Amino acid sequence: QVQLVESGGGLVQPGGSLTLSCATSGLNLDFNFLAWIRQAPAKEREVVSYIYDVDKSEYYSDSVKGRFTMSRDNAKNTVSLQMNSLQPEDTAIYYCAAKHWGSYWYDGAASPQWYDYWGQGTQVTVSS
């Protein structure tokens, strides 16, 4: 049974930093797309970052590129998202998500619909 549990959300001032963590179980991290997806009020879900160890790919949306860094710790079965220079427009519920794949061939990993497994989400609020 796959479980994803996020932690680390909270209230932060503009310009501040937060680190989100996702504890995973039931997954082989080597053969899964691992992503952070956010949903802001009245907006569609957005894949902000994913990593895929099969081809060593990393993806960041234009809105977070250069500010957010995604990483994984295989020994602890965790995935993290370091968020720097946070702005009010980063306010959203952040979800950890995964999809088992294993192939070099794929299309659509930057879309929320690609992912099969989701955590419950953690709220990030950027406000002064």
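Computed from a predicted structure; not experimentally measured. Side-chain atoms are counted along with the backbone in the values below, which use heavy atoms only and exclude waters and symmetry mates.
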Worksheet entry | Donor-acceptor under 3.5 Å (S21 side chain, S7 main chain) | no

Worksheet item: Is the backbone of Y59 close enough, under 3.5 Å, to the side chain of S49 for a donor and an acceptor to pair up by distance?
Response: yes

Worksheet item: Taking only residues at least two apart or on different chains, which pairs with a member in residues 25-37 satisfy salt bridge (Lys or Arg N to Asp or Glu O under 4.0 Å)?
Response: D30-R72

Item to complete: Mind jotting down which residue pairs meet the salt bridge (Lys or Arg N to Asp or Glu O under 4.0 Å) criterion with at least one end in residues 6-19? Sequence neighbours excluded, please.
Response: none

Worksheet item: Given side chains that start at C-beta, do those of R38 and S63 come closer than 4.5 Å, heavy atoms only?
Response: yes

Discussion item. In the structure I gave you, are the side-chain heavy atoms of Y115 and Y50 within less than 4.5 Å of one another anywhere?
Written reply: yes

Practice prompt. Enter the distance from R45:CZ to K43:NZ here, rounded to the nearest 0.5 Å.
Written response: 15.5 Å

Fill in: Connected-component partners of Y60 among ILVMFWY, side-chain separation under 4.5 Å
V2, L4, V12, L18, L20, L27, L29, L34, W36, V48, I51, V64, F68, M70, V79, L81, M83, L86, Y94, Y117, V124, V126

Under 3.5 Å, which donor-acceptor pairs link side chains of residues 102-113 to any protein atom two or more places apart or in another chain?
residue	atom	partner	partner atom	Å
S103	OG	W105	N	2.9
Y106	OH	D55	OD2	2.7
Y106	OH	S57	OG	3.4

Practice prompt. Scan residues 38-87 for pairs that pass disulfide bond (SG atoms under 2.5 Å apart), counting only residues two or more places apart or in two chains.
Written response: none

Item to complete: Any pair with a residue in residues 10-96 that passes disulfide bond (SG atoms under 2.5 Å apart), sequence neighbours left out, goes on the list, sorted by first then second residue, please.
Response: C22-C96

Worksheet item: Does any donor atom in the side chain of T19 or Q82 lie under 3.5 Å from an acceptor atom in the other side chain?
Response: yes

